[in-house]
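Everything on this sheet refers to the single structure shown next.
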Amino acid sequence: MPVQFDSIPKGSEWDRNELAKLWGYQSFHALARGVVTPAGQKHIVLFVTEQKQESLTQYDDRLVEKELHWEGEDGHQNDLRIAHAAENSDEIHVFYRERHHAPFRYLGEVRVKKATLLSNQPSQFELTLA
């Protein structure tokens, strides 16, 4: 089953288990990373937590009005794809929560306003809510 967003209203709250079930995954583990790129699809799904657990990498992610300031992954696996999403017709969708263990709120699709690609630290992105 493909990942789709037509049955997910903006502002609705979800946990990974619910989304995994909706999208036909066997468990939430398929969605356990901060960046999910479903195979064979033009979707990039970001799961962003502003206040993270102390034991996790403390990325500087924050939502300021209609802009999400987000740091990419340490390993830079998806930086180029995210930076060039518009050129490649990829859609970036964001699920956001202020604090760990809370449900994620679906913010909808975002556009890359600015991408600063770095190699020695996480890349920095400014994403604008559509």
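No hydrogens, no waters, no symmetry mates; every other heavy atom, side chains included, goes into these values. Keep in mind it's a predicted model, so treat the numbers as computed, not measured.
When the side chains of ILVMFWY residues are joined at heavy-atom separations under 4.5 Å, either directly or via intervening members, I8 and L129 end up in two distinct hydrophobic clusters. Tracing side-chain contacts under 4.5 Å through hydrophobic residues (I, L, V, M, F, W, Y), one never reaches F95 starting from L63; they form parts of separate clusters. In the hydrophobic cluster analysis, where Ile, Leu, Val, Met, Phe, Trp and Tyr join through side-chain heavy atoms closer than 4.5 angstrom, L117 is grouped together with V110. The cluster map of Ile, Leu, Val, Met, Phe, Trp and Tyr, joined by side-chain heavy atoms under 4.5 Å apart, puts L118 and I82 in different clusters. By the rule that hydrophobic residues join a cluster once side-chain heavy atoms approach within less than 4.5 Å of another member, V45 and Y106 end up as members of one cluster.
With sequence neighbours left out, S27 forms a side chain to side chain contact (heavy atoms under 4.5 Å, CB included) with H29. By the side chain to side chain donor-acceptor pair (under 3.5 Å) test, R105 pairs with no residue at all, sequence neighbours left out. For the side chain to side chain contact (heavy atoms under 4.5 Å, CB included) test, residues two or more places apart in sequence or in another chain that qualify with D90 are K42, I44, R81, A85, N88. Checked against side chain to side chain contact (heavy atoms under 4.5 Å, CB included), D6 has the following partners two or more places apart in sequence or in another chain: Q4. Residues satisfying the side chain to side chain donor-acceptor pair (under 3.5 Å) criterion with E91, sequence neighbours excluded, are H43, H93. Among residues two or more places apart in sequence or in another chain, the salt bridge (Lys or Arg N to Asp or Glu O under 4.0 Å) test is passed with D79 by none.
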Please list, one pair per line, the donor and acceptor atoms closer than 3.5 Å that link side chains of residues 96-104 to other protein atoms, with sequence neighbours excluded.
residue: Y96; atom: OH; partner: E50; partner atom: OE1; Å: 2.4
residue: R97; atom: NE; partner: T49; partner atom: OG1; Å: 2.8
residue: R97; atom: NH1; partner: A102; partner atom: O; Å: 2.9
residue: R97; atom: NH2; partner: T49; partner atom: OG1; Å: 3.4

Donor-acceptor contacts, no H, no angles, side chain residues 10-17, under 3.5 Å, sequence neighbours left out:
residue: K10; atom: NZ; partner: A130; partner atom: O; Å: 3.3
residue: S12; atom: OG; partner: P9; partner atom: O; Å: 2.6
residue: S12; atom: OG; partner: W14; partner atom: NE1; Å: 2.8
residue: D15; atom: OD1; partner: N17; partner atom: N; Å: 3.0
residue: D15; atom: OD1; partner: E18; partner atom: N; Å: 2.8
residue: R16; atom: NE; partner: L31; partner atom: O; Å: 2.5

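Taking CZ of F47 as the start and CG of D61 as the end, the distance is 14.0 Å to the nearest 0.5 Å. Interatomic distance, CG of L107 versus CD of E109, reported as 12.5 Å (0.5 Å rounding).
Closest heavy-atom contact between N78 and E73: ND2-OE1, 3.0 Å. Contact detail for V36 and P38: the closest heavy-atom pair is O-CD, 3.6 Å.
The distance between the ring centers of W23 and F28 does not fall below 6.0 angstrom.
Heavy atoms of other residues, nucleotides or ligands lying less than 6.0 angstrom from CD of Q121 number more than 12. By the 6.0 Å contact criterion, CZ on R111 is open, its count of non-hydrogen atoms from other residues, nucleotides or ligands being 12 or less.
By the 4.5 Å side-chain criterion applied to Ile, Leu, Val, Met, Phe, Trp and Tyr, L56 is assigned to no cluster and stands alone.
For residues 66-91, the ring pair (Phe, Tyr, Trp, His ring centres under 6.0 Å) pairs, not counting sequence neighbours, are W70-F125. Residues in residues 115-125 take part in no salt bridge (charged side-chain N to carboxylate O under 4.0 Å, His left out) pair, two or more places apart or across chains. Sorted by first then second residue, the salt bridge (charged side-chain N to carboxylate O under 4.0 Å, His left out) pairs that include residues 113-128, not counting sequence neighbours, are E67-K113.
Looking at heavy atoms from C-beta onward, L19 lies out of side-chain contact with Y25 at the 4.5 angstrom threshold. Side-chain contact between T116 and S123 is absent, with no heavy-atom pair separated by less than 4.5 Å.
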